[in-house]
Amino acid sequence: MKTGAHEKFLEMLGWEGEELNRFLPDWKNAAAIMGLSDADVAFAVEQWIPAYWDLSLNGVKKFIAACIRGVVEIARGGDYLARGDKLIYMNMPAAPVSGYANVVASGGRVHVFYPAYLMINVLTAFFNKYVNKVEEKGESSSLRSPCANCALNRFRMKTGLAGAMPPPTVNWSWGLRCSEAPKTDEMMNGLMKGAWKNVYVTLPHDMASGVVEADYEDRVALLAGKLRAAQRETSEATGIPVTDADVRAAADIYLQYMDRVQTLTDLVMSADCLPLSGGELTLFGLSVEVCMCIDRSYVLDALDTIISEVKERISQGKGLLPSNAPRLACHFNPLCAPWLDKAFRDNGVCLVQGKLFPFADKFRGYLEQEEDVYKAVARIILSIPSVMNMLDEARINAELLTRYPVDGALYGFYSSDSWVGALQKTMVKVIEAETGVPHFYIEGDLWDLSGEAYETRLAIVRSICNYLKISNI
């Protein structure tokens with residue numbers, strides 16, 4: 001019997017035998033929701049994944065498989081609702097601790113998904129598919145292209161209004177930095193005649209630039225109160241009360257992932273020869289950005305496996321490039337452009353992860369210091385670079401450049417975001433002046449690089465690489 005593209009895809013990632021046969025229909029359903037054709041899957045198997053992802057590392061293979069399990073779980077949402085379970089959707093940037101607390105409290109009867117973020121990362125990283133285009137100008141379920149809206153909001157709106165994904169029991173809409181997400185959700189609720197029930201957590205951009213928000217008591221108290229109120233409203237919708245003990249248990253789950261990501265980051269960034277690409281290191285960071293909402297053993301096993309493999313590569317002196325190769329810290333999501341990662345590497349420069357989360361020990365300290373667990377979670381959230389004010393974020397990025405020395409830093413690809421894009425252009429100057437590390441900026445939209453001229457991008461990459469290599473002589 002001829003093996004199809006979907007079967008080959010799953011085999012590539014470690015599925016086999018009866019497990020593959022059981023999983024295959026659910027994967028095909030998830031692929032259909034994401035708009036993947038058989039040809040798209042065949043392209044990933046035959047060309048894209050072998051070119052840009054090192055499947056000789058079992059940890060990489062296992063984590064990609066965990067992402068596939070994650071999107072399949074999202075696609076099962078309608079089945080979970082049909083059997084009486086509850087669904088919570090979340091958007092980015094958000095707090096996985098709040099999501100896990102609902103899973104813990106419910107004993108697994110509440111499923112928390114980040115549908116747009118996880119599915120779009122899967123599409124761009126492993127299939128080279130971008131979703132930020134509208135084919136039909138009159139398409140009622142999409143935002144129009146001239147608005148340059150974020151693909152996360154486009155995807156959520158398109159799949160929600162088209163019925164490809166069921167309305168959740170409650171949509172927890174985070175507006176910690178971006179006000180577009182709550183506005184999109186409010187519009188969806190109107191268009192769906194109240195079927196898209198929202199709970200909002202928003203913060204005004206009213207802090208003086210440079211204030212350390214995680215240490216500013218009034219800001220912490222404000223966000224903690226909003227988190228507690230949102231959880232009460234969410235519990236009313238799901239029928240599942242969430243206690244402070246549940247939130248602390250959720251934080252423990254989060255720290256299991258965070259500890260491993262910190263260990264992996266320290267190993268990779270401190271190695272003489274870089275043992276992982278920037279995209280691969282960023283891949284494992286998904287475990288601390290979203291609720292994967294799959295059996296934790298899959299994610300933990302992938303993290304433990306890659307840590308072991310990286311240690312082995314370091315002990316053997318193996319790396320992607322020689323030890324004297326320049327390193328460029330990437331401050332956007334390289335999962336969306338694995339070809340860019342490889343282009344730098346092909347030109348003798350290692351692209352490394354620059355947009356790192358703060359460290360597990362810092363978050364653990366907040367949980368130990370605060371009697372009110374919601375204040376601890378608020379401080380964790382306010383420590384994440386994509387949430388705080390510009391100079392506070394610049395301070396953290398400068399500290400990271402001190403902890404993990406690099407030869408340069410790369411920003412850009414946020415033309416779709418009038419807030420983040422503008423802040424980045426200012427931060428480049430601030431951090432460069434403070435650290436002396438040369439900073440570079442490339443225009444573009446990381447959610448939709450399909451229309452960008454590849455040769456133009458490649459020319460920019462070469463010029464940056466030449467500068468860094470000359471500077472290192």
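As the structure is a prediction and not an experimental result, all values here were calculated from the model. The basis for the numbers below is simple: all heavy atoms, side chains too, and nothing from hydrogens, waters or symmetry mates.
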Minimum side-chain heavy-atom gap L55-V60 below 4.5 Å:
yes
Quick one: side-chain hydrogen bond (donor to acceptor under 3.5 Å, both in side chains) pairs with a partner in residues 41-54, sequence neighbours left out?
D54-S56, D54-R313
State which residues pass side chain to side chain contact (heavy atoms under 4.5 Å, CB included) with V103; sequence neighbours excluded, sorted by chain then number.
V112, C293
Residue set satisfying salt bridge (charged side-chain N to carboxylate O under 4.0 Å, His left out) with K28, at least two apart, ordered chain then number -> none
Any residue meeting salt bridge (charged side-chain N to carboxylate O under 4.0 Å, His left out) with R296, in chain and number order, not counting sequence neighbours:
none
For residues S37 and D40, is any side-chain donor paired with an opposing acceptor at under 3.5 Å?
yes
If only atom types and distance count, is the side chain of N347 paired as donor or acceptor with the main-chain N or O of A343 below 3.5 Å?
yes
Crowded around E186 CD? As in, over 12 foreign heavy atoms under 6.0 Å?
no
Within the side chain of N171, is there an N or O that forms a donor-acceptor pair under 3.5 Å with the backbone of N198?
no
Do V288 and P96 have side chains that get closer than 4.5 Å, going by heavy atoms?
no
Counterpart residues, salt bridge (charged side-chain N to carboxylate O under 4.0 Å, His left out), relative to E73 (two or more places apart)
R76
Tell me, please, which residues at least two apart from F344 pass ring pair (Phe, Tyr, Trp, His ring centres under 6.0 Å).
none
Going by heavy atoms in the side chains, are V290 and M92 under 4.5 Å from each other?
yes
Determine yes or no for a side-chain-to-main-chain donor-acceptor pair under 3.5 angstrom, with D341 supplying the side chain and G279 the backbone.
yes
Thinking salt bridges, do D295 and R69 make one under a 4.0 Å N-O criterion?
no
Given side chains that start at C-beta, do those of N397 and Y411 come closer than 4.5 Å, heavy atoms only?
yes
Hits for side chain to side chain contact (heavy atoms under 4.5 Å, CB included) against D85, two or more places apart or cross-chain, chain-then-number order -> Y80, R83, R109, H111
Could you work out, with side chain to side chain donor-acceptor pair (under 3.5 Å) as the rule, every residue matching N102, not counting sequence neighbours?
Q231
Under the rule for side chain to side chain donor-acceptor pair (under 3.5 Å), what residues qualify as partners of N189, not counting sequence neighbours?
none
Check side chain to side chain donor-acceptor pair (under 3.5 Å) between E312 and all other residues, then give those that pass, not counting sequence neighbours.
Q316
Those residues that, when tested against D38, pass side chain to side chain donor-acceptor pair (under 3.5 Å) (two or more places apart):
H6
Under 3.5 Å donor-acceptor, E309 side chain and N58 backbone
yes
Could you tell me if the side chain of M192 sits less than 4.5 Å from the side chain of L161, heavy atoms only?
yes
Sorted by chain and residue number, the salt bridge (charged side-chain N to carboxylate O under 4.0 Å, His left out) partners of R260 (sequence neighbours excluded) come out as D304
